[in-house]
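Numbers here are sequence positions counted from 1. Computed from a prediction, not measured in an experiment: that's the story for all the values here. Values below: every heavy atom of this structure, side chains too, minus hydrogens, waters and symmetry copies.
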Amino acid sequence: MTFSWQNIALELLRLSVWFLLLLILLGAAEKFFFAVKNKGVRTNYWQDMLYFFGNGLMFKLAIIPLMSVTALALSFLVPSSLQNWALNLPMSLRALLGLLVGDIAYYFVHRAMHQVPWLWGFHAVHHSAEKLDWLVSARAHPFEIVFTRWISFIVLYIVGLARPQTSGMADFPTLLILMAGVLWGFFCTCECTMALWSTGVAAGNPRISSLASC
């Protein structure tokens, strides 16, 4: 990954497309299946837009290369036979196992963000929202974005369920795991009845942490 104005511009364009798609889909869900009557644009909505684009830009240009380098450096901790076995699994099965292992890893990282005082100082930014909607998921301190994604994906990389991005685009299971995690996060903070139903379905559901502070 090279840092250039062209790469930054392309990434901002990609994030803009994602933002519009999420706004249409989840915004519509909040409008027609609302859990709480929408009274217009909430306070700090525009600030959360900056979190969305800023953290999204940082993730692609900084965090992914960091995770790839670290995973390659630490891959010797796991026998190559295990990594080869995982990498030779059918893509669909590797993606499903990756989603399961990734969610378990994220659960423990998220729990640490609540229980370790100095980590809570960063995670408190996310919980500073007074009202929930889909965009609240983007409200996070940059350190939290780096720390949680780094730990969760390092586990997947080491055991071979995801492949580090050495050049070009990451493989399909890695992209699927990443996209599913991001979309699930936005859905869980969506202020609609379907998102309320999802409470308790997955370990990383932010509604659980907001209610139980676990």
Side-chain angles (χ1 to χ4, degrees), residues 1 3-36 38-67 102-103 106 109-110 113 119-153 165 169-170 174-192 194-196 198 202 204-210:
M1 174 68 64
F3 294 90
S4 67
W5 289 112
Q6 182 180 10
N7 285 334
I8 293 174
L10 289 174
E11 188 59 21
L12 286 175
L13 178 61
R14 186 189 67 85
L15 288 169
S16 298
V17 172
W18 269 108
F19 182 85
L20 289 175
L21 289 174
L22 290 169
L23 179 62
I24 293 171
L25 294 175
L26 298 182
E30 291 180 336
K31 182 175 178 60
F32 296 108
F33 303 98
F34 58 86
V36 177
N38 187 358
K39 297 181 179 180
V41 178
R42 61 175 170 80
T43 305
N44 296 328
Y45 187 89
W46 309 113
Q47 181 184 36
D48 290 341
M49 284 185 63
L50 292 178
Y51 277 115
F52 179 92
F53 284 96
N55 286 334
L57 189 63
M58 180 186 64
F59 185 86
K60 182 62 178 292
L61 298 180
I63 300 176
I64 289 181
L66 171 65
M67 291 191 300
D103 195 57
Y106 180 76
V109 176
H110 192 186
M113 298 295 292
L119 289 177
W120 169 253
F122 296 104
H123 189 52
V125 172
H126 176 67
H127 286 275
S128 64
E130 297 179 357
K131 296 181 180 179
L132 283 178
D133 61 28
W134 70 270
L135 191 55
V136 166
S137 180
R139 180 184 297 197
H141 192 284
F143 174 83
E144 178 181 351
I145 297 295
V146 174
F147 182 75
T148 56
R149 301 298 191 276
W150 183 67
I151 296 297
S152 299
F153 266 84
Q165 182 177 340
M169 184 176 292
T174 304
L175 289 174
L176 180 61
I177 294 167
L178 175 61
M179 291 177 61
V182 171
L183 291 175
W184 177 250
F186 283 113
F187 175 74
C188 284
T189 60
C190 181
E191 196 59 66
C192 66
M194 292 179 290
L196 287 174
S198 74
N205 193 324
R207 290 179 180 273
I208 298 175
S209 63
S210 65

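Evaluation of the side chain to side chain contact (heavy atoms under 4.5 Å, CB included) rule for N55 yields Y51, M58, A140, P142, I145 as partners, not counting sequence neighbours. Listed by chain and number, the residues in a side chain to side chain contact (heavy atoms under 4.5 Å, CB included) with I151 are V109, F147 (sequence neighbours excluded). Every residue meeting the side chain to side chain contact (heavy atoms under 4.5 Å, CB included) condition with L23, not counting sequence neighbours, appears here in chain and number order: F19, Y45, W134.
Expressed to the nearest 0.5 Å, how far CZ of R139 lies from CE of M49 amounts to 13.5 Å. In this structure, CG on L20 lies 11.0 Å from CG on L25, to the nearest 0.5 angstrom. Between R14 atom CZ and L57 atom CG the span is 9.5 Å, to the nearest 0.5 Å. Atom CD in E144 sits 4.0 Å away from atom CE in M113 (nearest 0.5 Å). Note that the CG atom of L13 and the CH2 atom of W18 stand 13.5 Å from one another [nearest 0.5 Å].
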